[in-house]
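All heavy atoms count here, side chains included; hydrogens, waters and symmetry mates do not. Whatever order the structure lists ligands and atoms in, that order sets their numbers, starting from 1.
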Amino acid sequence: MAVHGGDLRAAREKYGDLDFIDFSANINPLGPPRGVFEAIDKNIAKIIHYPDPNGWGVKTLLGDKLGVATEQLILGNGAVELVYLLAHALKPRTAFVLEPTFSEYSRALKAVGCQIRHTYLNPLRGFELDINDLELADCDILFLCNPNNPTGSFMSEEDFVRILDLVKKHGTFLVLDESFMDFVALNKQWRSFRYLREYDKLFVLYSLTKFYAIPGLRLGCGIGSPEFIRTLGGMKDPWNVNNLALAAGEAALGDAAYSEMTRQCIETEREFLINDLKKIAQLKVFPGFANFLLIENLGEPNGERLVDALANKGILIRNCGNFPGLGENYFRIAVKDHLSNIKLVSGLKEILTNT
Ligand SMILES: Cc1ncc(COP(=O)(O)O)c(C=O)c1O
């Protein structure tokens, strides 16, 4: 099993039954839109029926929100299910993955026997993608994540267009994970799926679990050409998204005010964290564009010792030691509500300036 953030059971086992503030998973600090809880209550009796295998209600709302046809959408039990479905459907022989990134791309590729070429984003360039690093000759599939987890780095549309030329030239299938795009300020946001018109070997991942704070319910989506979506649909579990996740998704997508409130909260709190963390001399903060920050710790205690010291204060962070291309000296924190952020900063100050 891969290690990810957000494992509260493991934290309780290790540190005791504390009331943890969890900075280790990148979930919207506002919690789900209010309508989500009502929708679950209202639909609880539906668990005696099978769910709609097509999830038309959610697809219609998503189609309107994203500006794509419902035939271009496939729903998943989280975006991750679709990473595995895609790998299973395409069975690529060779893949290109830019590290550090979300580890499930490589896990899904390895599960189908794929050879993976890894290249490493450079911390000295703020982990920004350099197109010259992409060697796509004989490469069946390229995975990109925008904004990238865990670096928060962001690919511009201009860079994407150049990458599109490259994948077209080599016939490489391109997967772009936009699971954190909703958190990006509206004046910076752009969506890649409109390029499906010119290149149909493009598949975009979109998660609803982070932005709508429902990781325990699971709901994600993929956007591709209608033909490819039909192929994937023919290979998936027919009832992969349950009735309560569908009801929650419909309620969440119907709440437009929540999206704007979220982006404002993230922008304000991210600035607060960046400014306050910069005052701790041994920390180097990579600001990023999403609802999390990657931090390099140039001093001690580091790695698991820092994780333990914070956890004993009831604060969980994500040690990035298991991301290829990073080491124990990197950790990631989610941007949370103001009070939690203050507690994190003061916890870090106590630990890092007392040693
Ligand atoms: C980049 C990225 N994509 C997708 C996911 C998973 O999304 P979901 O919960 O919808 O499966 C994660 C989870 O951490 C992630 O970091």
* **For Tyr105, atoms of ligand 1 separated by under 4.0 Å from a heavy atom** => 1 (C)
* **Between CG on residue Asn149 and CG on residue Asn291, distance to nearest 0.5 Å** => 9.0 Å
* State plainly whether the residues Lys65 and Asp182 are in salt-bridge range, i.e. N to O under 4.0 Å. => yes
* Between Lys210 and ligand 1, find which residue part has any heavy-atom pair under 4.0 Å and reply side chain, backbone, both or neither. => side chain
* Hey, are Asp165 and Arg162 close enough for a salt bridge, meaning a charged N less than 4.0 Å from a carboxylate O? -> no
* **Any Ser179 heavy atom less than 4.0 Å to ligand 1** => yes
* Asked: Would Cys145 count as a contact of ligand 1 if the rule is a heavy atom under 4.0 Å away?
  -> yes
* **Distance from atom 1 (C) of ligand 1 to nearest protein heavy atom, with residue and atom** => Asp177 OD2, 3.3 Å
* Residue portion contacting ligand 1 (non-hydrogen atoms closer than 4.0 Å) for Val80 -> both
* Going by heavy atoms, is Phe292 under 4.0 Å from ligand 1? -> no
* To do: Heavy-atom distances under 4.0 Å are what count here, so tell me which part of Ala79 touches ligand 1: side chain, backbone, both or neither.
  => both
* **Any N/O pair Arg218/ligand 1 closer than 3.5 Å** => yes
* **Under-4.0 Å salt bridge between Lys42 and Glu38** => no
* **Of Asp17, Asp19, Asp22, the residue whose pairing with Arg12 passes salt bridge (Lys or Arg N to Asp or Glu O under 4.0 Å)** => Asp17
* Test item, Glu104 contacting ligand 1 (heavy atom, 4.0 angstrom) -> no
* Using the six-membered ring wherever Trp is involved, compare the ring planes of Phe211 and Tyr258 and label them parallel, tilted or perpendicular (cut-offs 30° and 60°). => perpendicular
* Let me know which of Phe180, Phe127, Phe154, Phe183 forms a ring-ring contact (aromatic ring centres under 6.0 Å, His included) with Phe289. => Phe154
* **Heavy atoms of other groups near Lys91 NZ, more than 12 under 6.0 Å** => yes
* Test of ring centre spacing under 6.0 Å for Phe228 and Phe173 -> yes
* Before signing off on this row, confirm whether Phe180 and ligand 1 have an N or O atom pair separated by under 3.5 Å. => no
* To do: Heavy-atom contacts with Gly78 under 4.0 Å: which atoms of ligand 1 show up? List them by number with element.
  => 8 (P), 10 (O), 11 (O)
* Asked: Where's the contact between Phe143 and ligand 1, heavy-atom distance under 4.0 Å: side chain, backbone, both or neither?
  -> neither
* Look at atom 16 (O) of ligand 1 and say which protein heavy atom is nearest, naming residue and atom and giving the distance to 0.1 Å. => Asn149 ND2, 2.6 Å
* Asked: Under 30°, 30 to 60°, or over 60°: which ring-plane class applies to Tyr105 and Phe102, parallel, tilted or perpendicular?
  -> perpendicular
* Nearest protein heavy atom with distance in Å, relative to atom 9 (O) of ligand 1 -> Thr209 OG1, 2.7 Å
